[in-house]
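What follows is one structure encoded as structure tokens, with my remarks underneath.
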Amino acid sequence: MAKLPSIMQQLASLVALPSVSSALPDYDHSNLDVINQLAQWCETLGFTVHIQCVDEERKKYNMLATLGRGPGGLVLAGHTDTVPCNPERWSSDPFKLTEKNKRLYGLGTCDMKGFFPLALAAAEKFKAQELKAPLFILATADEETSMSGARALATLGLPKARAAIIGEPTGLKPVNMHKGIMMEAVRITGKAGHSSNPHLGNSALEAMHEMMSELLDLRMELQQQHRHTGFSVPTPTMNLGCIHGGDNPNRICGQCELHFDLRFIPGMGIHALRNLIDHRVQRVAASTGTECERYPLFEGVEAFASEENSELVRLAESLSGHGAEAVAFATEAPFLADHKIDTVVMGAGSIDQAHQPDEFLALDQITPMVNILTAMIKHYCL
Ligand SMILES: [Zn+2]
């Protein structure tokens, strides 16, 4: 059977293929080159590859590669996109893999192109014929922005595997929990008028004052009702992040808009939270006679918690020697958990190095992670 390039050569190729995802079109880049490269390596190892178009216009794709057949099995999952970077703030070219001080520098080395060569190195040790359950390698688009790749999994026909590992950089520690994220806006439309006579208008700014009280009140309620000590901030949070309204001191403010985020713990869901917010929003509309509208700034990401008594988490704990913990960043895990797949987040590299200049993957994380993945494949697929 044909052999793959070394882990280092693979990572160098992946880093050299830009796949920035950004909400700003000027920075946004297709991930197709990365997908095609991964597809080629997977095919070399005997995987059957399916490439799914997520967004035709922006050329965003997912890849699902399958080795072996039958029910169950294990998914090794990662995202192919990176955040944008500021090359002038890097010590080396972010698109050229650079080895220095026992570290591999480059954009995406830890978050998380680096996961794929490690997953392939583990997969390379197995042949399709010896697998009793399939091994999947899943590569997604746009995790760093809209998570549109993970959202498209519903139509990818992702099989119901027994377990999934998402190889985000966790320093080889299993992560079994993260908060969910919502970002919402409330727009209030009143009536502008001359400030000398309040009857000439209806101030959106004053209505927003009431709205903010309602939202902070809701925050307090949520924090009293929901708590999980696994998180360093154990309660849900709400941040009123920005506000725009009015134009002149002598004019009654006709429109005011507030943007806020909500980070919520497992057990709370986006739909229910939006209902609670809407209830408050309508209350303000009724009491102020303004028009109040809430809309999402993005679709949101649900909170994630591994299955209770998860076999996968126990196995990950024993292989890594670390107890599972919660993290402060969101991942694609809730989308896989949604498919009733037992899911854990665990990978090489540290999130501290992600999303900033001189991102790196420490060389000493590579072999331990390949060994963990190899043991996982043996457990779930042999
Ligand atoms: Zn990531």
Side-chain angles (χ1 to χ4, degrees), residues 10-11 14-15 17-23 27-31 34-35 38 54 60-63 75-86 94-95 97 103-120 137-153 164-181 263 298-304 306 316 325-337 343-362 365-366 369 372-373:
Q10 287 178 50
L11 185 51
L14 295 177
V15 166
L17 299 170
S19 57
V20 169
S21 74
S22 171
Y27 294 101
D28 195 55
H29 200 284
S30 167
N31 70 332
V34 173
I35 290 285
L38 292 173
V54 175
K60 304 286 187 171
Y61 296 84
N62 288 338
M63 180 202 77
V75 182
L76 305 181
H79 60 85
T80 57
D81 59 320
T82 69
V83 289
C85 66
N86 304 94
F95 295 99
L97 191 71
R103 294 167 170 176
L104 299 173
Y105 290 89
L107 180 63
T109 44
C110 80
D111 187 16
M112 58 173 286
K113 288 175 172 177
F115 176 68
F116 293 107
L118 307 189
L120 289 166
I137 293 183
L138 173 65
T140 59
D142 279 355
E143 188 270 348
E144 299 288 6
T145 47
S146 59
M147 298 213 177
S148 63
R151 288 176 212 284
L153 292 179
I165 300 166
I166 299 187
E168 292 277 5
T170 66
L172 306 178
K173 293 177 187 159
V175 164
N176 63 347
M177 241 180 344
H178 64 65
K179 287 184 180 178
I181 303 180
R263 304 201 172 222
F298 89 121
E299 287 171 81
V301 180
E302 297 286 0
F304 161 66
S306 297
E325 50 189 48
V327 288
F329 55 92
T331 72
E332 298 177 323
F335 297 94
L336 289 160
T343 302
V344 75
V345 182
M346 179 160 69
S350 164
I351 197 72
D352 298 345
Q353 269 89 53
H355 297 204
Q356 58 177 318
D358 294 337
E359 174 180 347
F360 68 82
L361 175 63
Q365 299 255 301
I366 290 179
M369 188 63 197
I372 288 171
L373 293 174

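Atoms considered below: every heavy atom in the structure, side chains included; atoms not considered: hydrogens, waters and symmetry mates. Counting starts at 1 for both ligands and their atoms, following the listed order.
- Residue contact annotation: Glu168 places an N/O/S atom under 2.8 Å from the Zn ion (ligand 1).
- For the pair Asp142 and Arg151, the salt-bridge criterion is not met [side-chain N within less than 4.0 Å of a carboxylate O].
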request  = Take Lys113 and Ser19 through the side chain to side chain donor-acceptor pair (under 3.5 Å) test and state the conclusion after the steps.
outcome  = CA-CA 10 Å; Lys113 288 175 172 177; Ser19 57; 3.3 Å; yes

key: From CA spacing to verdict: side chain to side chain contact (heavy atoms under 4.5 Å, CB included), Phe298, Ile181   = CA-CA 10 Å; Phe298 89 121; Ile181 303 180; 4.2 Å; yes

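- Closest to the Zn ion (ligand 1) among the N, O or S atoms of Asp111 is OD1.
- For His79, the N, O or S atom with the smallest separation from the Zn ion (ligand 1) is NE2.
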request  = Begin from the C-alpha positions of Leu138 and Leu336 and carry the test side chain to side chain contact (heavy atoms under 4.5 Å, CB included) through to its verdict.
outcome  = CA-CA 11 Å; Leu138 173 65; Leu336 289 160; 4.1 Å; yes

